[in-house]
Every structure is written in structure tokens, then in C-alpha cells.
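Worksheet: one structure, shown below.
Computed from a prediction, not measured in an experiment: that's the story for all the values here.
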Amino acid sequence: MAEDFELWDVICDGPFFPTKTIGDPAVTVPKTRKDFNDVDRKAIEKNFRAKIILVCGIGPDEYNRISSCQSAKEIWEALQIAHEGTTQVKQSKIDMLTTGYELFRMKDDESIQDMHTRFTSIINELHSL
């Protein structure tokens, strides 16, 4: 992400929640909004910026899938499952593409260019999975 590498961390790791330590024995509790300092606000803002970037990059149909997500990480995971599927679906796709690769042959009525396009498509899909 060209915007800010830390935004990608927020998408992968989840949002930052400011905490404070109180009491004896020490207990960590979430800070209230009035206790936030500038560093806390900037860290929290990164989740909102990441959410905006993700939402602006999708269409209305995709928005319906992620509209209830609270964090950029939740949005990313919902989009991953929608487009890639679960681990089992992903493995099934890999198995199908591997079989297609292993059994790849030129069709009788196919040009070399069409064959190359079909082969490249298989390779690219395998690489992306």
C-alpha cells in the first residue's frame, strides 16, 4: 500500500486499542476517549483510514458483504473469503488447476495464441492461490 505501510499492519493485525494500567496488582484496562493522547488518536485513526481505502476500492455489491464489519481486518477477511473461499475451497481450486496443468494439451480447433492464453491463465491462477 503506497498510502502508509502501517495501514497494511492494521489490516493484517487488527486495530489498535489504547489501554492503561491501574491498581495494585496492576490490571490493564481500555482507556476511555477522554484519556486518549495524540499517539493513541493517531493509532486509532489508522484503522479508519484503512477502512476508507478498502471501502472506496469496492463496488456496491461488495459493500453489502462488508457493511457490518467494524475494523479494516474484518473487511479484509470478509473479502478474502468471498473471493478466495475457505482453506478447503482454496485447496480444491489448487487441485483442479494442478490437474488442468498436468493434463494440458492443445485442443483440435485451438490456435497457438488461444492455447498460450489458456495455459497462462492456469499458471496465473495457481500462482495467485
Side-chain angles (χ1 to χ4, degrees):
M1 243 183 208
E3 176 73 21
D4 187 350
F5 189 74
E6 291 176 4
L7 293 180
W8 185 243
D9 291 338
V10 170
I11 291 171
C12 293
D13 302 333
F16 169 76
F17 297 107
T19 58
K20 63 182 177 181
T21 305
I22 58 170
D24 182 42
V27 177
T28 304
V29 296
K31 285 184 180 179
T32 60
R33 292 178 65 90
K34 69 178 183 170
D35 294 333
F36 290 173
N37 58 32
D38 289 340
V39 174
D40 295 336
R41 282 183 174 71
K42 284 187 179 227
I44 291 169
E45 184 181 291
K46 292 198 181 297
N47 182 57
F48 292 107
R49 288 178 48 211
K51 282 175 60 175
I52 288 168
I53 289 171
L54 290 172
V55 169
C56 288
I58 61 174
D61 293 334
E62 296 291 326
Y63 182 78
N64 291 333
R65 284 191 179 123
I66 57 98
S67 61
S68 64
C69 296
Q70 298 297 312
S71 69
K73 180 179 176 131
E74 287 179 37
I75 292 172
W76 185 252
E77 289 172 349
L79 291 172
Q80 274 187 309
I81 289 171
H83 290 279
E84 293 179 1
T86 61
T87 306
Q88 284 180 316
V89 171
K90 207 173 184 180
Q91 189 58 50
S92 295
K93 286 179 184 178
I94 290 170
D95 292 343
M96 281 183 9
L97 289 167
T98 302
T99 301
Y101 172 81
E102 290 170 348
L103 300 175
F104 187 83
R105 299 281 185 265
M106 185 174 184
K107 296 178 181 177
D108 292 336
D109 59 344
E110 188 174 40
S111 70
I112 299 242
Q113 182 62 41
D114 292 340
M115 180 191 76
H116 181 266
T117 301
R118 194 166 50 88
F119 184 74
T120 303
S121 176
I122 293 170
I123 297 301
N124 289 341
E125 287 184 55
L126 273 169
H127 181 69
S128 71
L129 292 170

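Side-chain N/O atoms of E125 and S121 include a donor and acceptor closer than 3.5 Å.
The main-chain N or O of G14 is never found under 3.5 Å from a side-chain atom of N47 such that the two would form a donor-acceptor pair. In this structure, the side chain of R49 does not engage the main chain of L7 through any donor-acceptor pair within 3.5 Å.
When side chains are defined from C-beta on, K42 does not count as touching D38, because their heavy atoms never get closer than 4.5 Å. Two residues are said to be in side-chain contact when any heavy atoms from C-beta on lie closer than 4.5 Å; L97 and Y101 fail this criterion. P18 has its side chain out of reach of D35: every pair of non-hydrogen atoms, C-beta onward, lies at least 4.5 Å apart. Counting only heavy atoms from C-beta outward, the side chains of K31 and N37 approach each other to under 4.5 Å.
Of the inter-residue distances, the one linking I11 atom CD1 with L54 atom CG reads 4.5 Å to the nearest 0.5 angstrom. Distance CG/L126 to NZ/K93: 12.0 Å, rounded to 0.5 Å. Between the NZ atom of K90 and the CD1 atom of I94 there is a distance of 7.0 Å, given to the nearest 0.5 Å. Atoms CZ and CG, from R33 and D40 in turn, are 11.5 Å apart once rounded to the nearest 0.5 Å. Rounded to the nearest 0.5 Å, atoms CG (D114) and CE (M106) are 8.5 Å apart. Atom CD1 of residue I53 and atom CZ of residue F48 lie 14.0 Å apart, to the nearest 0.5 angstrom.
The shortest heavy-atom contact between E110 and R105 is OE1-O, 4.3 Å. Taking all atoms of both residues into account, the shortest heavy-atom contact from A50 to V10 is CB-CG1, 4.5 Å.
More than 12 heavy atoms of other residues, nucleotides or ligands sit less than 6.0 Å from atom CZ of F36. In the displayed structure, F104 atom CZ is contacted under 6.0 Å by more than 12 heavy atoms of other residues, nucleotides or ligands. Within a 6.0 Å radius of CD1 in I22, other residues, nucleotides and ligands contribute more than 12 heavy atoms.
In this structure, M96 shares a hydrophobic cluster with no other residue, the cluster being traced through Ile, Leu, Val, Met, Phe, Trp and Tyr side chains under 4.5 angstrom apart.
In this structure, I52 is not a member of the same hydrophobic cluster as I44, with clusters built from ILVMFWY side-chain heavy atoms closer than 4.5 Å.
Sorted by first and then second residue, the salt bridge (Lys or Arg N to Asp or Glu O under 4.0 Å) pairs involving residues 50-73 (not counting sequence neighbours) are E62-R65, K73-E77.
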